[in-house]
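One structure is given below, encoded as structure tokens.
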Amino acid sequence: MRYMLLIYDCHREQMPDGYDQVDAYVKDLKDRGVFLAADPLHLPDTATTVRVRDDDTLITDGPFAETHEQLGGYFMLDCKDLDEAIELATLCPLAKLGSVEIRPVLEVDIR
């Protein structure tokens, strides 16, 4: 089953010692055969939010919500179950700086 690990409150630009630990983490995920994809995001102030209400398009600079924790990136993994996803989220070095939210991917056929 696919799981997305959403990385909050930890951005690449804020990591003082570089991404060496993350590179090692990705290598471990690939060695385990669970890695599908991962990407860091630019800082939240680069976001643009689009809403359509009653045929009116509203465009706002910045993230959708003003919160203390902001989405900084993700890992997409193919795990056997939630327990494995939790284990791998625990091993993520970014969990020590921010938080990792685990979300199962809803498998739908969108052809």
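Keep in mind it's a predicted model, so treat the numbers as computed, not measured.
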Q: Hey, could you give me each pair passing side chain to side chain donor-acceptor pair (under 3.5 Å) that has a residue in residues 28-38? Not counting sequence neighbours.
A: K27-D31, D28-R32, R32-E87

From [atom1] ([X]) to [atom2] ([Y]), nearest 0.5 Å:
X    : Y    : atom1 : atom2 : result
I59  : T49  : CD1   : OG1   : 10.5 Å
E107 : D109 : CD    : CG    : 10.5 Å
R103 : L5   : CZ    : CG    : 12.0 Å
T57  : R51  : OG1   : CZ    : 12.0 Å
L71  : I7   : CG    : CD1   : 8.5 Å
L88  : L29  : CG    : CG    : 6.0 Å

Q) Is there a chain of hydrophobic side chains (I, L, V, M, F, W, Y, each step under 4.5 Å between heavy atoms) that links V105 to V108? A) no

Minimum heavy-atom distance [X]-[Y], with the two atoms named:
X    : Y   : answer
V100 : A95 : CG2-CB, 3.8 Å
C79  : E84 : CA-OE1, 3.2 Å
A85  : Y3  : CB-CG, 3.8 Å

Q.
Could you work out, with ring pair (Phe, Tyr, Trp, His ring centres under 6.0 Å) as the rule, every residue matching F35, not counting sequence neighbours?
A. none

Q. Is there a donor-acceptor pair under 3.5 Å between the side chain of D54 and the backbone N or O of D56?
A. no

(Q) Once side chain to side chain contact (heavy atoms under 4.5 Å, CB included) is applied, do any residues pair with T90, and if so which ones, sequence neighbours excluded? (A) I86

Q | side-chain contact (heavy atoms from CB on, under 4.5 Å) partner of F75, the single match among L6, I102, V22 | A | V22

